[in-house]
Undergrad: 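The structure is given below, and queries will be raised subsequently.
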Amino acid sequence: RKLMPSEKTIQSYFAKAKKASKQATYPKQKIGSVMVYSGKVIAIGYNTFKTNPLQKYYNKYRFASDPRNNGLVHAETMLLLKTRFLDLDWSRVSIYTYREYKDGTLALARPCIACQTALEERGITNIYYTTPKGWKKL
């Protein structure tokens, strides 16, 4: 049985993801994400205008053959790219994704189907994200 982290612990990881969101270069959605293993942040990611074949591959779940599949890297995909050579028990990894509106209020940061699929294929199922009312676990 997996133990849920305390509210204080969850909030500390969302604070780190919020800080990461400030680095996002994608203007429409400033999203930040952190990957946690054994109580330590092992990777930080954010939305960017950089492209990557991994994002383009998983975007098939979002756009099929739509030309909008430009492969712009999402925060969650950046985490996967940064940790792809690590040998971990991925079922013990947690992801925290943060998004806020320009006025500073919380916004929905649920991973898109492309990122959700990529995370699940890696074996990551502990996925937390902000909502306008707080946070949820996927």
Side-chain angles (χ1 to χ4, degrees):
R1 193 179 132 203
K2 293 180 186 176
L3 288 176
M4 188 93 151
S6 72
E7 181 67 23
K8 184 177 177 183
T9 300
I10 290 170
Q11 290 304 328
S12 74
Y13 293 136
F14 276 126
K16 288 174 175 48
K18 177 180 180 175
K19 190 174 179 185
S21 74
K22 306 296 184 198
Q23 298 178 62
T25 57
Y26 192 68
K28 286 184 184 174
Q29 294 188 6
K30 300 271 189 182
I31 297 175
S33 208
V34 295
M35 182 181 283
V36 178
Y37 184 73
S38 294
K40 292 183 177 66
V41 173
I42 59 169
I44 296 170
Y46 47 86
N47 284 12
T48 177
F49 269 123
K50 292 182 180 176
T51 60
N52 186 277
L54 183 67
Q55 185 73 57
K56 193 165 180 61
Y57 172 80
Y58 281 102
N59 274 353
K60 70 184 177 188
Y61 295 102
R62 294 174 66 210
F63 301 124
S65 61
D66 191 313
R68 289 178 296 170
N69 182 1
N70 49 24
L72 294 180
V73 175
H74 294 187
E76 301 91 344
T77 301
M78 186 181 284
L79 297 176
L80 293 174
L81 291 166
K82 287 181 172 184
T83 59
R84 66 188 175 275
F85 299 117
L86 296 180
D87 183 20
L88 301 175
D89 176 357
W90 294 103
S91 70
R92 295 183 54 220
V93 168
S94 297
I95 303 288
Y96 296 83
T97 303
Y98 181 93
R99 177 178 167 220
E100 66 182 31
Y101 293 113
K102 287 181 182 177
D103 68 3
T105 59
L106 285 177
L108 185 64
R110 182 184 173 116
C112 70
I113 191 64
C115 291
Q116 185 178 332
T117 303
L119 292 168
E120 287 173 357
E121 285 186 5
R122 177 76 64 94
I124 300 168
T125 56
N126 300 309
I127 302 166
Y128 301 84
Y129 59 94
T130 58
T131 74
K133 295 181 180 180
W135 63 269
K136 283 190 175 183
K137 185 174 191 281
L138 196 59

Undergrad: Would you compute the distance between atom CD of Q29 and atom CG of L72 and round it to the nearest 0.5 angstrom?
TA: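 Here the interatomic distance stands at 11.5 Å.
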
Undergrad: Taking the side chain as everything from C-beta on, heavy atoms only, tell me whether K22 gets closer than 4.5 Å to Y46.
TA: no

Undergrad: Do P132 and T105 come close enough that some side-chain heavy atom pair is under 4.5 Å?
TA: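 Counting from C-beta outward, P132 and T105 never come under 4.5 Å.
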
Undergrad: At their closest point, which heavy atom of M78 faces which heavy atom of I44, and how far apart are they?
TA: SD-O, 4.0 Å

Undergrad: With a 4.5 Å limit on heavy-atom distance, are the side chains of I42 and L88 in contact?
TA: yes

Undergrad: Atom NZ in K136, atom CG in L138: separation rounded to 0.5 Å?
TA: 10.0 Å

Undergrad: Rounded to the nearest 0.5 Å, what separation is found between the NE2 atom of H74 and the OH atom of Y58?
TA: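 Taking NE2 in H74 and OH in Y58, the distance rounds to 14.0 Å.
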
Undergrad: Rounded to the nearest 0.5 Å, how far does OH of Y57 lie from NZ of K60?
TA: 3.0 Å

Undergrad: Give a yes or no answer on whether the side chain of N47 reaches the backbone of K30 with a donor-acceptor pair at less than 3.5 Å.
TA: no

Undergrad: Can you confirm whether N126 sits close enough to K137 that some side-chain heavy atom of one is under 4.5 Å from a side-chain heavy atom of the other?
TA: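 Touching, per the 4.5 Å side-chain cut-off.
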
Undergrad: Measuring only between side-chain heavy atoms, which start at C-beta, is R122 closer than 4.5 Å to T83?
TA: yes

Undergrad: Is I127 reachable from Y37 through a run of I, L, V, M, F, W or Y residues, each pair having side-chain heavy atoms under 4.5 Å apart?
TA: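 Per the 4.5 Å side-chain linkage, Y37 and I127 are co-clustered.
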
Undergrad: Look at atom NZ of K19 and say whether more than 12 heavy atoms of other residues, nucleotides or ligands are closer to it than 6.0 Å.
TA: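 Not buried by this count: 12 neighbours or fewer within 6.0 Å.
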
Undergrad: Ignoring hydrogens, what is the shortest heavy-atom contact between V41 and V34? Give both atom names and the distance.
TA: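 Reported closest heavy-atom pair: CG1-CB, 4.1 Å.
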
Undergrad: Flag the pair R110 / T131 as yes when at least one side-chain heavy-atom distance between them is below 4.5 Å, and no otherwise.
TA: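 R110 vs T131: side chains apart.
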
Undergrad: Quick check: closest heavy atoms across I124 and M35, and the distance to 0.1 Å?
TA: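 Heavy-atom minimum between the residues: CD1-CE, 3.9 Å.
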
Undergrad: From Q55 CD over to L80 CG, what is the distance, rounded to the nearest 0.5 angstrom?
TA: 9.0 Å

Undergrad: Do you know which two heavy atoms are closest between G32 and S21, and how far apart they sit?
TA: N-CB, 3.3 Å

Undergrad: Is there a continuous path of hydrophobic side-chain contacts, each under 4.5 Å between heavy atoms, that joins I95 to L108?
TA: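 Yes; L108 is reachable from I95 via cluster members.
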
Undergrad: Could you note down all residue pairs passing ring-ring contact (aromatic ring centres under 6.0 Å, His included) where residues 83-126 supplies at least one of them, sequence neighbours left out?
TA: Y13-Y96, F14-Y96, Y96-Y128

Undergrad: Does D87, at its CG atom, have more than 12 non-hydrogen atoms belonging to other residues, nucleotides or ligands within less than 6.0 Å?
TA: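 Open.
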
Undergrad: Considering all heavy atoms of both residues, which atom of A20 and which atom of G45 are nearest to each other, and what is their separation?
TA: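 Where A20 meets G45 most closely, the heavy atoms are CB-O, 3.7 Å.
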
Undergrad: Which pair of non-hydrogen atoms, one from T97 and one from S33, has the smallest distance, and what is that distance?
TA: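 Looking at all heavy atoms of both residues, the shortest contact is OG1-OG, 2.7 Å.
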
Undergrad: For K50, is the NZ atom crowded, meaning more than 12 foreign heavy atoms sit under 6.0 Å from it?
TA: no

Undergrad: Hey, what do you get for CZ (R84) to CG (L54), rounding to the nearest 0.5 Å?
TA: 8.5 Å

